[in-house]
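Here's the structure, in structure tokens; my notes come after.
We name chains A, B, ... by the order of the sequence lines, and we start the count at 1 in each one. It should be emphasised that the depicted structure is a prediction, and the values quoted were computed from it without experimental measurement. All values below were derived from every heavy atom in this structure, side-chain atoms included, with hydrogens, water molecules and symmetry-related copies excluded.
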2 protein chains.
Amino acid sequence: MIRLSKKVEYGLIAIRHIATKPAGEIVTAKEIADTYGIPYELLSKVLQKLTKSGLITSHQGMRGGYALARPPVEIPVSLIISAIEGTRQAIVQCLSEGPQTCNVFTVCTIKSPLTKVQANIERAFSTMNLSEIV
Amino acid sequence: MIRLSKKVEYGLIAIRHIATKPAGEIVTAKEIADTYGIPYELLSKVLQKLTKSGLITSHQGMRGGYALARPPVEIPVSLIISAIEGTRQAIVQCLSEGPQTCNVFTVCTIKSPLTKVQANIERAFSTMNLSEIV
DNA sequence: CAATATACGACCGTACTGGTCCAATTTCAG
DNA sequence: CTGAAATTGGACCAGTACGGTCGTATATTG
């Protein structure tokens, strides 16, 4: 039907793992990769994206790693997803990109009905926060 | 965030177009393709899938075309999507394919939390039927 | 018989995805 | 101050899915 990318899966697993630790504790990418059998380099990229969007903080150098930037309650699942996927805002191209890239934009008849479904999905992801998946 | 494929978009537009006609009226793929500027061959494939899953009926030969197989109220949007996409049942691989293909299946910690989101999304698509998007 | 329609398989280019490799940089511990 | 451990970031690659096209077979009707 609809699928989250592997990167998002890894990101969710990782940030959840961090959230299970005592607040402020620093976790390395290697630890997470080893724990779940996730490719280390790929996971690193994902964690870097989460860092750039301010959901987690990074600490370079020896004894470095990652920690949550805010309490889990303030991290909705929707933010985690959009931090990793970046683009792809809407379920139909029209809604997010408009006439430039959608060839049927002007004659499209399903845009407005689908905004309801869209809102529903967004609500599903934004009402659930990190504290609910630990 | 999450995106419906172009085929599904075309399928929704097409079946909606058929639904706007008087019940039983036959519409050709060409008419739909021309109306919305959709590639004819691609649309044909989509309509064939909708036919195979029993949502619409096809009539070959001259004066042939497609018509709804049931009243619009009995055609949930979810059926249209799964008819066209076939596979891809769940938002995370684990949920639909299990341990064979998911490398983190046994240690995955986000499966069960995400089933709630999953159910939410499915409800969003299955509670909306064709009569609501015409 | 000919025109019109669906049915179906093969094919193609592009883009994205998951994954790997490598080098640079920062930081702390000894 | 040096080296190990960690993040950062760019390049790259194989596989696959997607959107789209083409050609052909088959059915139906006028």
Original post:
Closest heavy-atom contact between B/A67 and B/I18?
Top reply: CA-CG2, 3.9 Å
Subject >> For B/A19 against B/V134, the heavy-atom pair lying closest together >> reply: CB-CG1, 3.7 Å
Subject >> d(CG, B/L42; P, C/dA7) in whole Å >> reply: 15 Å
Subject >> Length of the line joining B/L50:CG and C/dT6:P, which is rounded to integer Å >> reply: 13 Å
Subject >> Test item: side-chain donor near acceptor, A/E85 and A/S5, under 3.5 Å >> reply: yes
Original post:
Side-chain donor or acceptor of A/K45 under 3.5 Å from a matching atom on the base of D/dT7?
Top reply: no
Original post:
Atom CD of B/Q60 and atom C1' of C/dC8: how far apart are they, to the nearest Å?
Top reply: 11 Å
Subject >> CZ (A/R63) with more than 12 external heavy atoms under 6.0 Å >> reply: no
**OP:** Check the distance between D/dT26's P and B/Q48's CD and give it to me in whole angstrom.
**Re:** 15 Å
Original post:
Which pair of heavy atoms, one from A/E9 and one from A/L4, lies closest together, and at what distance?
Top reply: OE2-O, 4.2 Å
**OP:** Specify the separation, in whole Å, of atom CD1 of A/I32 and atom P of D/dT7.
**Re:** 9 Å
**OP:** Select base, sugar-phosphate, or nothing to describe what B/K49 touches, counting heavy atoms under 4.0 Å on all strands.
**Re:** nothing
Original post:
Quick one: is D/dT8 close enough that its OP1 or OP2 comes under 4.0 Å of any side-chain N or O from A/S58?
Top reply: yes
Subject >> Of the listed nucleotides D/dA5, D/dA6, D/dG20, the one nearest the side chain of A/M62 >> reply: D/dA5
Original post:
Atom OH of A/Y40 and atom P of C/dG19: how far apart are they, to the nearest Å?
Top reply: 16 Å
Original post:
How do A/H59 and A/K7 order along DNA chain C: which one's closest nucleotide is nearer the 5' end?
Top reply: A/K7
Subject >> Candidate nucleotides C/dT27, D/dT8, C/dG19, ranked by approach to the side chain of A/Y10 - the nearest >> reply: C/dG19
**OP:** Calculate the interatomic distance between B/E41 atom CD and C/dA5 atom P; express it in whole Å.
**Re:** 14 Å
Original post:
Given atom OH of A/Y66 and atom C1' of D/dT8, what is their separation to the nearest angstrom?
Top reply: 8 Å
